[in-house]
Amino acid sequence: MAAITLEHLAHSYDPKPGPEAQFALQEINHTWEDGRAYALLGPSGCGKTTLLNIISGLLTPTRGRVLFDDQDVSTAATAQRNIAQVFQFPVVYDTMTVRDNLAFPLHNRGLDKPYIAQRVQHIAKMIGLESDLHKKARGLTTDLKQKISLGRGMVRDDVNAILFDEPLTVIDPHLKWELRTQLKSLHQQFGHTMIYVTHDQTEALTFAEKVVVMHDGRVVQIGTPKQLFETPAHKFVGYFIGSPGMNFLPIQLSGCRAKIGETSIIFSHDYGQPSGDVQLGIRPEFVRFTKGEGLPVRINSVRDVGRHKFVNASLSGGEINIALAEGTILETDSSHVIFDKDKISIFCDDWRVEGEEISSPHRGAK
Ligand code: ADP
Ligand code: MG
């Protein structure tokens, strides 16, 4: 196993990129620590597969280097990198049995038969393929074939890393949760470095210790699920994580004082004098109704989603979503909202601005 370092890595599919060339992957510098479980999260087309294929060696980057520990593998072939990769769609040998498919990567490396048999049995048990081991892969459902692909990705215990590229796309929804749990437990048992690509925030947040969020070919934040939720580094993270995502309101800001429409707010932090497009971000979970204090709102709709109710309301210059916690009643004379003072984010031209905490008697946003 190895730490994987990306140094000044960037990629354009244009073979001779000029100054105007599109880069599918903007420059990234990052070390994937040995033995961690990462998710690579972002919408379709943001560059996830491009990045994964550069790590595995299927793609040679336009710029930069890939290091496994201290060894430069930028030009090494996939086979030399000792990486297992599982793709979105099943890759199986149709004429072989499930058992032989799972055993293939081990046979290839000349491992002894008792070890192979035991390892195949173990993996088959984990992903629910035990009763199918004797069957030919041809004719199996797509679900089962993808399970074989997953099993083949996980069967070797000597790989540097296991890369999963949206591996549960073709899997039946009720099986997804089960398989994801198995991948997690495999990680806990064997401690492989794992990078799990997905566009699904629930998958990313439940699988990974650290989530790498991509947007438009760029890594915008790397953090724990809690950090992504509480302190998004970029507006895109605020919007993409959470359901519904963070609310954004244009504000006029100076130091710790701001105006939203006609309402003045005093923050617990001093943000200086940011110039550019300044917006306040607040998650629906941290907005509360009042009967006169704060920002005036007009309620548009209430949506019941089980444990929470989500309220959509209009306010000066836009709309806002508000989550009502379980058991909270929406009173008919709710006319204003306030924000939890420590949960406010400020963004300038899409990027988070950190304020300096002030210990003034004005603490708190109203
Ligand atoms: P994701 O996996 O996040 O959906 P990709 O890495 O597949 O994103 O693609 C990133 C961008 O690169 C997209 O704009 C896509 O159209 C482009 N792209 C992907 N593969 C190729 C290719 N082989 N040739 C040219 N452009 C490509
Ligand atoms: Mg992809």
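One-based numbering, in listed order, for ligands and for the atoms of each.
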State whether a side-chain donor-acceptor pair under 3.5 Å links Ser74 with Asp72. yes
Is the shortest distance from a heavy atom of Pro43 to ligand 1 less than 4.0 Å? yes
Using modelled atom types and a 3.5 Å cut-off, is there a donor and acceptor pairing between side-chain atoms of Gln201 and backbone atoms of Gly242? yes
Looking only at protein heavy atoms, which one is nearest to atom 8 (O) of ligand 1, and how far off is it? Gly47 N, 3.2 Å
Protein contact for atom 25 (C) of ligand 1 (heavy atom, distance under 4.0 Å): yes
For atom 19 (C) of ligand 1, find the nearest protein heavy atom and state the residue, atom name and distance (0.1 Å precision). Tyr13 CE1, 3.5 Å
Can you pull out the closest protein heavy atom to atom 13 (C) of ligand 1? Residue, atom name and distance to 0.1 Å, please. Gly45 O, 3.6 Å
Between Arg81 and Asn160, is the side chain to side chain donor-acceptor pair (under 3.5 Å) condition met? List the steps. CA-CA 7 Å; Arg81 297 192 190 194; Asn160 279 320; over 6 Å; no
Starting from atom 7 (O) of ligand 1, what is the nearest protein heavy atom, named by residue and atom, and what distance separates them? Thr49 CB, 3.8 Å
Would you tell me which option among Asp216, Thr50, Leu40 has the nearest heavy-atom contact to atom 6 (O) of ligand 1? Thr50
Ser12 side chain vs Gln22 backbone, donor-acceptor pair below 3.5 Å: yes
Thr49 near the Mg ion (ligand 2): N/O/S under 2.8 Å: yes
Between Thr198 and Asp200, is there a donor-acceptor pair closer than 3.5 Å when you use the side chain of the first and the backbone of the second? yes
Side-chain H-bond candidate by donor/acceptor type, Asn53 with Gln85, under 3.5 Å: yes
Nitrogen or oxygen of Ala24 less than 3.5 angstrom from that of ligand 1: no
Any atom of ligand 1 sitting under 4.0 Å from a heavy atom of Gly42? no
Run the numbers on Glu354 and Arg352 for salt bridge (Lys or Arg N to Asp or Glu O under 4.0 Å), then give the verdict. CA-CA 6 Å; Glu354 289 298 347; Arg352 179 182 195 82; 2.9 Å; yes
Does the protein come close to atom 16 (O) of ligand 1 - that is, does one of its heavy atoms sit below 4.0 Å from that atom? no
Evaluate the ring planes of Phe236 and Tyr239, with Trp represented by its six-membered ring, and classify them as parallel (under 30°), tilted (30 to 60°) or perpendicular (over 60°). tilted
